[in-house]
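Presented below is the structure to which this report refers.
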Amino acid sequence: LNELVTNTLPSSRAEVGDIEPNDSHILGSGLTIYEPSSNNAENLARHVMNEVYTSPENRREIEGYTMLNSFGDDRNVVYKSNKSNTILYGIRGTEPTSGTDWLTDLEIASSATLNVLPTGQMKERYDNANNIYSKLRELYPKSKIIMGGHSLGNSVGLDILYKHQADNNMELYGYNGYFHPVYTGKKDPRNHPQRTEGDIVSWWNSDKAKKFKTPMAKGVALTGAAIIGGI
């Protein structure tokens with residue numbers, strides 16, 4: 001796991017070659033990222049994006065980092081580097097069995113048609129993440145914040161970028177990301193969308209996204225089809 005930091009592993013929980021760990025959490029068994037990135041920030045973002053899908057009590061440490069448990073819950077995980085001013089913030093996406101998450105996805109879609117910020121569950125989700133960001137920035141004003149968000153987590157990360165556009169000391173790596181109702185982030189240098197080729201959920205971000213030629217996850221297909229059908 002700790003070799004992730006040295007760019008020798010593509011992801012802590014991703015399929016490598018023909019071997020897939022049984023504890024892979026992202027979109028069942030279909031999400032595969034074969035090649036490591038030359039960008040340390042991207043590799044670390046992949047780790048927190050994956051780890052946030054693990055229950056808080058089972059999340060793993062990274063050598064040289066401390067997990068900030070006071071910020072962690074079933075939707076968020078935060079690590080602080082012991083050697084540098086770096087914060088890793090993982091944001092969970094839609095849980096297939098969560099009716100609240102599905103309602104949140106539909107609220108984003110309906111808000112986007114009106115070009116307004118959502119209310120209800122989505123506002124609560126956005127506000128919670130922005131509160132975490134604000135507390136982290138208050139405690140660590142000079143730290144670089146690297147966010148990794150998958151699916152709905154990408155929309156949440158985009159909201160943080162949107163509401164804190166003066167903060168150039170953070171980055172978002174969104175994976176198969178769902179959109180934000182009023183902010184595309186396409187011209188934002190802090191935004192680095194990633195998507196597996198053929199993914200439906202991140203179609204809106206496809207023109208600027210870094211693409212991976214990987215097997216398409218059943219979870220991606222089913223989730224994307226359901227969201228499109230709902231819209």
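Basis for what follows: all heavy atoms, side chains included, without hydrogens, waters or symmetry-related copies.
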Quiz item: Can you name the side-chain hydrogen bond (donor to acceptor under 3.5 Å, both in side chains) partners of Asp188, sequence neighbours left out?
Solution: Tyr183, Arg190

Quiz item: Looking at residues at least two apart in the chain, or sitting in another chain, which of them share a side-chain hydrogen bond (donor to acceptor under 3.5 Å, both in side chains) with Thr66?
Solution: Asn82

Quiz item: What is the ring orientation for Tyr173 with His192, classed by angle as parallel under 30°, tilted 30 to 60°, or perpendicular over 60°?
Solution: parallel

Quiz item: Which heavy-atom pair separates Ser111 from Leu117 by the least distance, and what is that distance?
Solution: OG-C, 4.1 Å

Exercise. State, to 0.1 Å, how close Leu161 and Met170 come at their nearest heavy-atom pair, and which atoms those are.
Key: CD2-CE, 4.0 Å

Practice problem: Answer yes or no: is there a donor N or O on one side and an acceptor on the other, between the side chain of Asp74 and the main chain of Ser55, under 3.5 Å? | Solution: no

Quiz item: Does any non-hydrogen side-chain atom of Ile91 lie less than 4.5 Å from one of His150?
Solution: no

Quiz item: Quick one: does Asn154's side chain have a donor or acceptor within less than 3.5 Å of a partner on Gly149's backbone?
Solution: no

Quiz item: What's the spacing between Thr184 OG1 and Asn191 CG if we round to 0.5 Å?
Solution: 8.0 Å

Quiz item: Sequence neighbours excluded, which residues qualify as side chain to side chain contact (heavy atoms under 4.5 Å, CB included) partners of Lys135?
Solution: Phe71

Exercise. Would you sort out whether Val77 and Thr54 count as a side chain to side chain contact (heavy atoms under 4.5 Å, CB included), showing the intermediate values?
Key: CA-CA 10 Å; Val77 64; Thr54 307; over 6 Å; no

Quiz item: Taking the side chain as C-beta and beyond, is there a heavy-atom pair between Asn69 and Val78 under 4.5 Å?
Solution: no

Quiz prompt | Separation between CZ of Arg125 and NZ of Lys123, rounded to the nearest 0.5 Å | solution = 15.0 Å

Practice problem: Would you please name every residue forming a ring-ring contact (aromatic ring centres under 6.0 Å, His included) with Tyr89, sequence neighbours left out? | Solution: none

Exercise. Check whether any side-chain heavy atom of Tyr126 sits under 4.5 Å from a side-chain heavy atom of His180, and report yes or no.
Key: yes

Practice problem: Please examine the side chains of Glu124 and Asp127, heavy atoms only from C-beta on, and report whether any two atoms are closer than 4.5 Å. | Solution: no

Practice problem: Would you sort out whether Ser151 and Arg92 count as a side chain to side chain contact (heavy atoms under 4.5 Å, CB included), showing the intermediate values? | Solution: CA-CA 8 Å; Ser151 184; Arg92 198 200 76 194; over 6 Å; no

Self-check item: Results of side-chain hydrogen bond (donor to acceptor under 3.5 Å, both in side chains) for Glu138 - residues two or more places apart only
Solution: none

Quiz item: Sequence neighbours excluded, which residues qualify as side chain to side chain contact (heavy atoms under 4.5 Å, CB included) partners of Glu107?
Solution: Leu103, Gln121, Met122

Quiz item: What pairs with Thr104 under side-chain hydrogen bond (donor to acceptor under 3.5 Å, both in side chains), at least two apart in sequence or on another chain?
Solution: none

Self-check item: salt bridge (charged side-chain N to carboxylate O under 4.0 Å, His left out): pairs with one or both residues in residues 144-160, sequence neighbours excluded
Solution: Lys144-Glu171, Asp159-Lys163

Quiz item: Rounded to the nearest 0.5 Å, how far apart are CZ of Arg75 and CG of Leu152?
Solution: 8.0 Å

Practice problem: Just jot down the side chain to side chain contact (heavy atoms under 4.5 Å, CB included) partners of Asn128, sequence neighbours excluded, or say none. | Solution: Asp73, Asn76, Ile132

Practice problem: State, with a plain yes or no, whether a side-chain heavy atom of Tyr133 is found less than 4.5 Å away from one of Met147. | Solution: no

Practice problem: Kindly compute the distance separating CD (Glu51) from CZ (Arg46), expressed to the nearest 0.5 Å. | Solution: 15.5 Å

Quiz item: Does Tyr65 reach the side chain of Lys83, with side-chain heavy atoms less than 4.5 Å apart?
Solution: no

Quiz item: Taking all atoms of both residues into account, what is the closest heavy-atom pair of Asn130 and Ile160, and its distance?
Solution: OD1-CA, 3.7 Å

Quiz item: What pairs with Ser143 under side chain to side chain contact (heavy atoms under 4.5 Å, CB included), at least two apart in sequence or on another chain?
Solution: Lys80, Asn85, Ile87, Arg137, Tyr140

Self-check item: Heavy-atom closest contact (Gly157 atom, Leu172 atom, distance)
Solution: C-CD2, 3.6 Å

Self-check item: Any side-chain heavy-atom pair of Val48 and Tyr79 under 4.5 Å
Solution: yes

Quiz item: Mind checking whether Arg60 and Met67 have side chains closer than 4.5 Å, heavy atoms only?
Solution: no

Practice problem: Could you tell me which non-hydrogen atom of Ser134 sits nearest to which non-hydrogen atom of His164, and how far apart they are? | Solution: OG-CE1, 4.2 Å

